[in-house]
Amino acid sequence: MAARGDRGDAAAMLDTTLPAPRPCHPNRDYDRVRAAIEFVSARRRHQPEVDEIAAEIGLTPTRLHALFRRWAGITPKAFLQAITLDHARALLRDSASVLDTAYEVGLSGPGRLHDLFVTHEALSPGEYRAGGAGLTFSYGFHPTPFGEAIVVVTPRGLAGLGWSDGAREAALDDMRRRWPGAQFVERAQETAAYARRVFDPAEWRADRKLRVVLIGTDFEIRVWERLLSIPLARATTYSDIARALGRPQAARAVGAAVGRNPISFVVPCHRVLGKSGALTGYHWGLSRKQAILGWEAGQARA
DNA sequence: AGGGCCCATCGCA
DNA sequence: TGCGATGGGCCCT
């Protein structure tokens, strides 16, 4: 599957065609953050100063500061530091045992403190065909801190989440392809609660778990369950997941399974890095992976 | 067939 | 040392 690259300027062009902006601009904040990330990534050698970045994206340093405090809860400097290779390596060091400990404790154990609490059920492709096909899936498009997203829910819980970036039809088609035979009905009122629940840390509560439905092959389900055991602001590697599953050689297959995860963000595929700490790939664009990791660094501090 | 990988090597500074 | 590039092996769909 072709990774969809970053399309900052496409999004910016679309922006100009949108109707009157609303008082709150979650997407505009994200676009600016992403522009900052891209600027920094493009000159990794040089490691630009905060002033330079502000100039590049057309803000004063003060407003850049305010933007990051509002959006991620931390200063621009802390944010930028949180997305460097050095930091990723430190993150992996600190998180070395998450897969072994957190998973045994259980998906709802103390390891999930301060994180999105999830309860899940799993369906194999066969089970889905037997009982799931013919279901009606509700979907809606909602703003998130990382751009507009499509949210797909079934009566049993959240089944899909992906970023649409203004290309709503493509996002919907992507979901339809995953569950052929299902009916899709737009019901944004129904999906809005999920979107709010997922992206507002104030709503992450152990006593009101988010119900999700994982539909995939045995191997995929096992990978996704492991992902759910990685706490906020922690990370692991493809090879560590393979090892934890008892298939030490299957790192590449793990990568493919991670990439097929239908519930982005909730099943935290962004918390999987290459063994070297490099970010490697992300279906929704590498800079979005960085943005999420930096944002999570801010949430973890709160 | 072909991946959101990993490891070993090699050739550069 | 620390990179970037390359080749071969690996395992799931």
Side-chain angles (χ1 to χ4, degrees), chain A residues 1-7 34 37-38 40-47 83-93 95-96 98-99 122-129 132-133 146-147 149 160-163 165 170-171 174-181 214-230 234-294 296:
Chain A
M1 163 175 324
R4 99 180 39 187
D6 290 344
R7 288 168 303 159
R34 182 162 65 178
I37 291 172
E38 277 161 9
V40 173
S41 305
R43 43 193 75 194
R44 214 169 339 133
R45 280 279 143 71
H46 173 54
Q47 286 291 359
I83 61 174
T84 60
L85 184 58
D86 278 351
H87 182 271
R89 288 186 170 135
L91 187 57
L92 288 178
R93 244 193 340 270
S95 306
V98 291
L99 287 176
L123 239 57
S124 71
E127 288 169 324
Y128 167 74
R129 274 192 297 274
F146 314 103
L161 195 162
W163 280 281
D165 294 329
D174 180 61
M175 291 296 170
R176 285 189 202 276
R177 266 193 302 276
R178 291 169 188 268
W179 303 295
L214 302 177
I215 302 167
T217 66
D218 269 8
F219 183 80
E220 288 168 342
I221 300 282
R222 288 168 67 207
V223 170
W224 299 339
E225 285 175 339
R226 288 286 164 171
L227 298 188
L228 284 173
S229 76
I230 310 170
R234 292 299 176 92
T236 187
T237 67
Y238 300 95
S239 57
D240 279 349
I241 293 176
R243 191 175 40 75
L245 292 180
R247 296 278 147 74
Q249 313 282 60
R252 192 158 192 172
V254 167
V258 170
R260 287 194 50 75
N261 160 37
I263 319 180
S264 298
F265 189 80
V266 173
V267 176
C269 41
H270 53 277
R271 295 179 196 154
V272 192
L273 312 178
K275 191 161 197 169
S276 67
L279 285 161
T280 64
Y282 193 59
H283 184 74
W284 308 104
L286 271 187
S287 58
R288 181 144 24 206
K289 190 171 182 174
Q290 288 181 284
I292 296 173
L293 290 170
E296 290 193 335

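Quick note on labels: first sequence line is chain A, next is B, and so on, each numbered from 1. Computed from heavy atoms alone, side chains included, the values below leave out hydrogens, waters and symmetry copies.
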All N/O pairs under 3.5 Å across the protein-nucleotides 11-13 of chain C interface:
unit_1	atom_1	unit_2	atom_2	d
dC12(C)	OP1	R247(A)	NH1	3.1
dT13(C)	OP1	T217(A)	OG1	2.3

(request) Check each of V223(A), V272(A), L273(A) against Y238(A) using the side-chain contact (heavy atoms from CB on, under 4.5 Å) test, and report the only one that passes. (result) V272(A)
(message) Distance check needed: dC5(B) C1' versus K275(A) NZ, whole Å only.
(response) 10 Å
(message) Quick one, I263(A) with W224(A), criterion side chain to side chain contact (heavy atoms under 4.5 Å, CB included). Give me CA distance, side-chain angles, the key distance, then yes/no.
(response) CA-CA 10 Å; I263(A) 319 180; W224(A) 299 339; over 6 Å; no
(request) Measure the OG1-NZ distance between T236(A) and K275(A) for me, rounded to the nearest 0.5 Å. (result) 10.0 Å
(message) To the nearest 0.5 Å, what is the distance between CZ on F146(A) and CH2 on W163(A)?
(response) 6.5 Å
(message) Within this structure, what is the CD1-CD1 distance for the pair I292(A) and I83(A), rounded to the nearest 0.5 Å?
(response) 12.5 Å
(request) Can you measure from NE2 (H283(A)) to CG (D174(A)) and round to the nearest 0.5 angstrom? (result) 5.0 Å
(message) Under a 4.0 Å threshold between the charged nitrogen and the carboxylate oxygen, would D218(A) count as salt-bridged to R222(A)?
(response) no
(request) Working to the nearest 0.5 Å, report the span between CZ of R34(A) and CZ of R288(A). (result) 5.5 Å
(message) Under the criterion side chain to side chain contact (heavy atoms under 4.5 Å, CB included), I'd like the reasoning laid out for Q290(A) against L293(A): C-alpha separation, chi angles, the key distance, then a yes or no.
(response) CA-CA 5 Å; Q290(A) 288 181 284; L293(A) 290 170; 5.8 Å; no
(request) List in numerical order all residues of residues 237-244 of chain A for which some heavy atom is under 4.0 Å away from an atom belonging to DNA chain B. (result) Y238(A), S239(A)
(request) Could you go through the side chain to side chain contact (heavy atoms under 4.5 Å, CB included) check for H270(A) and F265(A) one step at a time? (result) CA-CA 7 Å; H270(A) 53 277; F265(A) 189 80; 4.1 Å; yes
(message) As a check on the pairing definition, encode DNA chain B in dot-bracket form, counting Watson-Crick and G-U wobble pairs whose two distances are under 3.5 Å, and using | for partners outside this strand.
(response) |||.|||||||||
